[in-house]
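Shown next, in structure tokens, is the structure this report addresses.
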Amino acid sequence: MANTNLSLKLDNSGELNGFYDPKFEGVAQEFVRNFQERAEVGASVAVTVEGETVVDLWGGVAKPSDSTPWNKDTVSIVWSCTKGATAICAHILAARGLMDYDAPVAKYWPEYAQKGKENTRVSMLLAHQSGLPAFKAPLPDGAFCDWDFICNALAEQEPFWEPGAAHGYQMVSFGWLVGELVRRVSGKSLGQFFQDEVAKPLGLDFWIGLPESEEHRVAPMIPAPPPSMDGPFVPFYAEFADPTSVSFLSVMNMGGHMNPGTDSVFNFDSRAAHAAEIGGAGGITNARGLAGMYAPLANGGSLKGVTLVDEDARAAAVHSATALDRTLRIPMRYGLGFWKSIDNRNLAPGQQDSAIISEEAFGHPDAGGSVGFADPKARMSFGYTMNRMGAGLVLNERGQSLVDATYRTLGYTSNKSGRWI
């Protein structure tokens with residue numbers, strides 16, 4: 001059956017375009033609803049099954065300031081979805097026998113072995129157990145563009161807890177902790193390794209360190225509104241009362257990175273930020289790039305002559321779980337560098353952040369609502385990106401509605417158990 005083309009003029013601004021397999025009409029319907037009912041501004045969604053694209057949709061407005069449309073080749077920051085790309089680089093090296101998950105970090109990064117971190121294993125960095133989820137010392141303006149400065153700071157910092165004894169989401173530090181291992185082992189920067197081993201072989205429009213020639217295609221991010229003082233109690237934001245807390249430092253000690261529209265030289269929408277290799281939160285792509293990156297992992301580690309890992313890779317398994325992540329202050333489940341299905345819907349309002357996929361699936365969402373993942377059992381990969389960030393710490397209803405519609409199309413019937421079955 002031929003694909004169905006989507007061409008829809010929106011009532012407010014912009015239009016939606018792309019195509020989808022008729023069986024995935026439910027995904028297209030939810031994509032349209034996101035604009036009509038859920039205040040989407042600009043976005044893209046893509047799905048592959050057995051390596052073939054069955055959904056590729058995009059549209060809306062990329063730059064509200066001048067009504068620039070979100071086109072087929074528009075890209076945007078995908079925040080923590082970048083961690084999935086960084087993790088894939090580490091798994092490639094492990095699959096080639098060049099890096100051992102169970103080896104001490106110091107085997108590859110000798111300077112790391114100080115101040116109680118001597119026995120930290122590689123797997124602890126991938127599973128957010130390093131004890132280095134944030135920076136204790138104030139970071140100077142623009143620090144995120146200085147790779148060596150940041151890595152030296154992490155190597156010299158005493159951990160917040162004994163490595164391996166607890167979980168604390170490495171909100172941005174993940175990119176340097178794992179990325180420095182990639183650099184030390186491969187001899188290439190994280191961004192270059194990703195381009196050479198993942199993006200270029202797979203033909204992905206995905207960058208960790210965007211070339212200036214591509215800058216004109218980037219949709220600026222629209223931050224989510226700050227949490228309401230009259231809203232439900234949110235433990236993550238409650239921690240901000242303590243300026244030494246992990247939660248506070250994870251967001252507020254970023255060297256100006258989270259301050260768009262200020263005098264900071266390094267706010268996240270600046271050219272400097274886009275060019276920097278921020279492996280924990282600075283990747284730039286679209287849904288096609290996310291789905292394409294995960295497609296080999298949904299198909300045994302290889303696709304169309306490109307092999308990333310072998311079928312027995314440890315990427316998909318649950319490595320660890322916690323009832324209280326020390327950064328996010330909610331229950332979390334981690335693989336090695338990836339998130340597994342997370343269901344906190346039964347908790348109190350303000351603590352219900354969730355990202356529900358199948359038990360076999362693994363990937364990474366971001367705080368704004370984008371998500372990319374692989375599902376090896378369904379042989380499916382998924383990507384969703386947008387420019388208007390949503391409230392909350394994980395997925396919001398825009399991204400989750402697209403994920404849900406995808407699983408329903410594939411014959412999954414329920415997610416009441418906390419995962420799609």
Side-chain angles (χ1 to χ4, degrees), residues 6 8 10-12 14 16 20 24-47 55 57-61 70 76-81 219 221-228 230-234 236-237 286-287 290-291 328 330-332 339-358 361 363-373 375 382-410 412-420:
L6 176 66
L8 176 66
L10 298 172
D11 291 337
N12 46 11
L16 306 183
Y20 58 92
F24 286 82
E25 183 176 2
V27 179
Q29 290 175 343
E30 291 300 328
F31 188 64
V32 172
R33 286 187 64 195
N34 281 347
F35 287 89
Q36 295 178 336
E37 302 174 18
R38 300 171 184 137
E40 192 81 274
V41 175
S44 63
V45 61
V47 181
V55 176
L57 302 173
W58 63 88
V61 176
W70 185 297
S76 64
I77 300 172
V78 293
W79 300 115
S80 288
C81 295
M221 300 306 294
I222 304 169
S228 171
D230 299 325
F233 174 75
V234 181
F236 174 75
Y237 292 115
N286 49 33
L290 283 176
L328 301 179
I330 55 176
M332 291 292 297
W339 286 22
K340 299 291 287 183
S341 189
I342 299 165
D343 181 16
N344 292 322
R345 293 174 297 179
N346 64 325
L347 299 183
Q351 304 171 50
Q352 295 176 345
D353 294 281
S354 303
I356 302 172
I357 50 182
S358 80
H364 221 293
D366 75 21
S370 294
V371 62
F373 65 90
D375 190 321
F382 179 96
Y384 162 68
T385 69
M386 44 76 236
N387 57 358
R388 188 187 73 81
M389 298 175 65
L393 304 175
V394 194
L395 283 188
N396 55 60
E397 62 177 352
R398 288 174 290 157
Q400 190 66 61
S401 71
L402 297 168
V403 172
D404 294 348
T406 300
Y407 274 113
R408 290 192 185 99
T409 299
L410 294 171
Y412 288 66
T413 58
S414 175
N415 65 9
K416 291 181 180 179
S417 64
R419 65 198 190 281
W420 274 103

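Here the closest non-hydrogen pair linking Leu10 and Gly60 is CD1-CA, 4.2 Å. The shortest heavy-atom contact between Pro365 and Ser80 is O-CB, 3.4 Å. The shortest non-hydrogen separation linking Asp375 to Ala361 is OD2-CB, 3.8 Å. In terms of heavy-atom proximity, Phe236 sits nearest to Leu328 at CB-O, 3.7 Å. Between Cys81 and Leu290, the closest heavy-atom pair is CB-CD2, 4.0 Å.
Shown here are the side-chain contact (heavy atoms from CB on, under 4.5 Å) partners of Thr413, two or more places apart in sequence or in another chain: there are none. Not counting sequence neighbours, Tyr384 has no partner by the ring pair (Phe, Tyr, Trp, His ring centres under 6.0 Å) test. Taking Trp70 as the reference, nothing meets the side-chain hydrogen bond (donor to acceptor under 3.5 Å, both in side chains) condition, with sequence neighbours excluded. The side-chain contact (heavy atoms from CB on, under 4.5 Å) test applied to Pro349 returns Pro232, Gln352, not counting sequence neighbours. Applying the side-chain hydrogen bond (donor to acceptor under 3.5 Å, both in side chains) test to Asp353 and every residue at least two apart in sequence or in another chain returns nothing. Applying the side-chain hydrogen bond (donor to acceptor under 3.5 Å, both in side chains) rule to Ser76 yields no partners; only residues at least two apart in sequence or on another chain are considered. Residues satisfying the ring pair (Phe, Tyr, Trp, His ring centres under 6.0 Å) criterion with Tyr237, sequence neighbours excluded, are Phe240. Partners of Asp343 according to the salt bridge (charged side-chain N to carboxylate O under 4.0 Å, His left out) rule, which considers only residues two or more places apart in sequence or in another chain, are Arg345. Annotation: ring pair (Phe, Tyr, Trp, His ring centres under 6.0 Å) contacts of Tyr20 (sequence neighbours excluded): none. With sequence neighbours excluded, the residues satisfying salt bridge (charged side-chain N to carboxylate O under 4.0 Å, His left out) with Glu37 are Arg33. Remark: Ala405 engages Val27, Glu30 in a side-chain contact (heavy atoms from CB on, under 4.5 Å) (not counting sequence neighbours).
Residues in residues 384-408 take part in these salt bridge (charged side-chain N to carboxylate O under 4.0 Å, His left out) pairs, two or more places apart or across chains: Glu40-Arg398.
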TODO: Would you sort out whether Leu57 and Leu16 count as a side-chain contact (heavy atoms from CB on, under 4.5 Å), showing the intermediate values?
DONE: CA-CA 7 Å; Leu57 302 173; Leu16 306 183; over 6 Å; no

Open item on the list: Assess the residue pair Phe24 and Leu410 against the criterion (side-chain contact (heavy atoms from CB on, under 4.5 Å)); give the C-alpha distance rounded to whole Å, side-chain angles, the decisive distance to 0.1 Å, and a yes or no.
Closed with: CA-CA 9 Å; Phe24 286 82; Leu410 294 171; 4.0 Å; yes

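Atom CH2 of residue Trp58 and atom OG of residue Ser44 lie 9.5 Å apart, to the nearest 0.5 angstrom. The CD1 atom of Ile356 lies 12.5 Å from the NZ atom of Lys416; values are rounded to the nearest 0.5 Å. Of the inter-residue distances, the one linking Leu6 atom CG with Gln29 atom CD reads 11.0 Å to the nearest 0.5 angstrom. Once rounded to the nearest 0.5 Å, the distance linking CD of Gln351 with CD1 of Ile330 reads 9.0 Å. The CD1 atom of Ile357 sits 5.5 Å away from atom OG of Ser341, with the distance rounded to the nearest 0.5 Å.
Donor-acceptor pairing under 3.5 Å is lacking for the side chains of Ser370 and Thr385.
Of the possible donor and acceptor atoms, one in the side chain of Asp366 sits under 3.5 Å from a partner among the backbone N and O of Gly369. Here the side chain of Asn34 pairs no donor or acceptor atom with the backbone of Leu402 at under 3.5 angstrom.
You'll find the side chain of Asn415 stays beyond 4.5 Å of the side chain of Tyr407, heavy atoms only. Side-chain contact between Val41 and Ile222: present, with at least one pair of heavy atoms (C-beta onward) separated by less than 4.5 Å. No side-chain heavy atom of Ser354 sits under 4.5 Å from any side-chain heavy atom of Gln400.
Within 6.0 Å of CG in Asp11 there are 12 or fewer heavy atoms belonging to other residues, nucleotides or ligands.
Note: Phe373 and Phe382 have parallel aromatic rings, judged against thresholds of 30 and 60 degrees for the angle between ring planes.
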